[in-house]
Structures are given as structure tokens and as C-alpha cells.
Amino acid sequence: MDPLEELKSFLRFPSISTQPEHAPDLATCAEWLWEKLTAIGLTASLHSTPGSPVVVARSAHDPKKRTVLIYGHYDVQPPEPLSGWTTPPFEPRIENGHIHARGAADNKGQILAHILGVAETFRERGSLPVNVIFLIEGEEEIGSPNLEEFLREHRAELACDLVAISDTAMGPGNTAALTYALRGIAAMELIVRGPARDLHSGLFGGAVANPATVVARLLASLHDADGRVLIPGFYDAVRPLQQWERAAAADLERAAGGDEAIKELAGVKELFGEKGFTTIERIGARPTAEVNGIGGGYQGAGTKTVLPKEAFAKITFRLVADQDPALILAAAEEYLRAQTPPGVLLEIVTGHSGAAYQYDPNSPDGIAARKALKEAFGAEPLLLRDGGSIPILATLKEILGVDSYLLGLANPDCRIHSPNENMLVENFLGGIRMNKILLQALAR
Ligand code: BES
Ligand code: ZN
């Protein structure tokens, strides 16, 4: 079958992990993968978990060969806001060399590139140069709540020499890149509860603490005017940037076309961030606190003079090595509680978390990964630190004892998590080539 038609079939599943009503779509998407992996000659299995199924597939294992575990996720982010899409998110279409659909670049295009790279190698050589294990989960976008336990239970059968992942981006200008660091993440929601019910803002305003105002004050207390996080101890464990890393970041900044290109991608007129660091460093190498959502009180048309009974905010911290997500959440909670005025109750619910991940891009497997990228895309890959997170990476290292090499395929303008997500068809096809070369290069 035509690789693009196969990709379209994969993209038609609305496998949105955060919306419970889509559980059946996740299940059928996992079955589709199981069939695909079985059809290319692997032994595939579907494992149910309290959440979405995990798909595992393995080639016949030759004990003399090295073993590569390929990780990916078939779940996607919600497509909302739907009004931002030119065509419906789960009806893939190809336009100007891009395939558009939710999940195209995060992470279905890359998963299929892995699968087709393995399939073609099989077809052409009759065997694989390395043993391959696929581990494809359906809960990455919600912080992989069930994968750690799965890894612990299946640690023996998942034993491998390294992990290969294409769930990151190419470099600026869509050049080849090996990502050697990703930020970690720690999520929390804060809910401020005040009066027993919404009150008349004239009859009570001024005499009762307003939960929406309290939320605003708490959020405002997270940063100074330059965007530096004010939570005591927040930066204590941050591993300092090496000289070579600052040089690599400067190379990247040049390749990216400086701040102008980043403004263009973000759709802003000015950038804003912590003093003393370049934009590339702020994104890839510095921890942050971001408000993801805020709400409470009257949201309808016109005005309503009300003092809301409660308000909330959702926050995620992006972390770098060697910050501990649990310690950061605890420090944040203590800081926020200390500032909460009397008369309201602050409830803090912590969400998913995962530590930052970093490895040596100059290790023998790092060199092999760079060779595969170079041969597939025709340029010496840049080394980059990216700002996104794949929360399971630190756990893979802890449980399987191996490093994860991040061979990104997403084009810089892929709009993952946004409306009109897309993947360059060229990157998808180049990804198939890259995987074929990678399998050879890792055989050593
Ligand atoms: N594929 C991304 C991570 C990514 C994208 C890393 C581009 C580097 C460059 C992944 O699917 C993702 O979105 N992760 C979430 C994790 C969270 C929901 C727990 C993230 O980073 O927000
Ligand atoms: Zn994602």
C-alpha cells in the first residue's frame, strides 16, 4: 500500500487520550497498529492497562545482535479549538507537500516511518541487522500514567541496548537534528474557594476575599517582571550549561535566523523571557512556570455583577536536569499557601510529572544516530536541547538502564498541539530512509 494512504488511515482515528469518550477510538487505533506490526512480520501483542492499551511488537531475537527498542505514542492532543482548522482534524489531507491532521507530527507520522523503515529493511535483506522491539503507548499526552508499571512488569522482555525515538523536531529551517536534552514537566491545578455561593459584587464586594482576585495574585507571584521564577529554591538543582552547549545554542540561533524567525513561528511581535539567556537557551535549557488555563466567575455575554465562589488555574512547570519534579511541586505549594489570604481555601491538586532527560550525543550510539540523520537528510545534524517533554524518558533510563536517542522528524512549523497540525511529506519519507540507515548503523 502507498505509505501516505497508510498514514491517512492511521490519522483517521481520533485517539484523544485526555477525553474519556474517546477510549474506544484509542482501542481501535491500537488494534490497527497491532495488525500493521503483525503484517510486517513481527510478533505483536496488545496489553490492556487501566487506561489505553500498550502495543508491543518484536522481531525474532538473535542473541548475537544488539536490541533497539523503538518508542512512540499513538494518542493525540485534543483538536480544539476546531474553528482554527482549515479542514476537519481527523480527515487527513495533503496540501503543498504537507499532510494535515491532528497527530500527523505528534506522533503518528514518525511511528509509521519507524514501522515502514523496519518493514522495508526486512523485505530487502530478509532479516534485520538488529533485534527490534516496538513499544507504542496511548497515554503520552496525559503523562504516561500507566507506563511505568508496565515497564516494571515487562522489564525482562523489554531488555534492550538503547531506545530510539522520533517524537521531537528537526532543527531550524527543517535541518537534521539530534536532540540530546528534553525538559521535564510537573503539573498542578489550584482551586481557590471562597463564599458558599456566587455573591452580589455590590452587596459583598470589598468585605469578602474574591477567589478570582486571589488566583490572579497567586499566579502573578510566580514570576518577577523579567520572567524569573520566584519560588524559593526553584533554580537550586539546575545543572549549569556547559560552554560547548552555549556554543551549540549560538549555532542554532544563527541557523534559526535569530529571534525574528522564532517571533514569526510564535506569531508575536516581541519575545519575552528570563534575563541573561538567549531565546534558544530559554526554551531548551531553562526551567519555567507556565499558566495553561485560568477560569472562574461569569464567562457569558455582557456583564454580571458577581463575586465568584471559586476560581482555578492550571499550571505546568518545565524542568531541566537535575530538578526533582516532586520537590518543585512541594516548593510551589508551600510558596502559594504562604500567600493565600484568610477567608479562602486553597486546594492544590498535583497532576502528572516527569523529570528532564539528557544524554551524551557523542557516545557511540549518538554518533550512529547522527550518521543516520546525516545520510537520510544530507546535512550534518545540529545538536539541540528542546523545550518539550516526553515524561517517560527518565523512567526508561531508570528501569531499563539505557539511553533514549531522539531523532526528531517534525518540521519546525508543524503546529503540534495547535490547529492545522501537519507534517512535511518529505520528512515522513526521509524518516523511512533514516530508520533503515539507523538499523544498520546501530548494528555496529
Ligand atoms: N512530542 C511531544 C514532545 C516534543 C515535541 C518534544 C517537540 C520536543 C519537541 C510530546 O508528545 C508532548 O507533547 N509531550 C507533552 C507531555 C505532557 C503532556 C506530559 C508536552 O511536552 O507537553
Ligand atoms: Zn504531544
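Every number for a ligand or one of its atoms is a count from 1 in the order of the listing.
Considering backbone and side-chain atoms alike, His73 places an N or O below 3.5 Å from some N or O of ligand 1. Annotation: Thr168 places no N or O atom under 3.5 Å from an N or O atom of ligand 1; distance criterion only.
Annotation: atom 18 (C) of ligand 1 to nearest protein heavy atom, Glu141 O, 3.2 Å. For atom 7 (C) of ligand 1, the closest non-hydrogen atom of the protein is Ile416 CD1, 3.9 Å. Among all non-hydrogen protein atoms, the one lying nearest atom 19 (C) of ligand 1 is His352 CE1, 3.3 Å. Taking atom 10 (C) of ligand 1 as the reference point, the nearest protein heavy-atom neighbour is Glu140 OE2, 3.2 Å.
Ion pairing of Glu398 with Arg152 is present here, as a side-chain N (NZ or NE/NH1/NH2) and a carboxylate O approach within less than 4.0 Å. Checked for salt-bridge contact, Arg282 and Glu274 miss the test: no charged N lies under 4.0 Å from a carboxylate O.
Residue Thr179 does not touch ligand 1, judged by heavy-atom distances below 4.0 Å. Contacts between Arg318 and ligand 1, counted as non-hydrogen atom pairs separated by less than 4.0 Å, involve the side chain only. Neither the backbone nor the side chain of Ile142 has any atom closer than 4.0 Å to an atom of ligand 1 (non-hydrogen atoms only).
Closest to atom 3 (C) of ligand 1 by heavy atom, among Ala187, Ser389, Ala169, Pro391, is Ser389. Of the listed options Asp386, Asp106, Leu406, Asp386 places a heavy atom closest to atom 8 (C) of ligand 1.
Restricting Asp106 to its N, O or S atoms, the one at the least distance from the Zn ion (ligand 2) is OD2. The Zn ion (ligand 2) is closest to atom OE2 of Glu141 (considering only N, O or S atoms).
A distance-only check finds no donor-acceptor pair linking the side chain of Asp106 to the backbone of His417 [under 3.5 Å].
For the pair Arg228 and Phe234, the cation-pi criterion (under 6.0 Å, within 45° of the ring axis) is not fulfilled.
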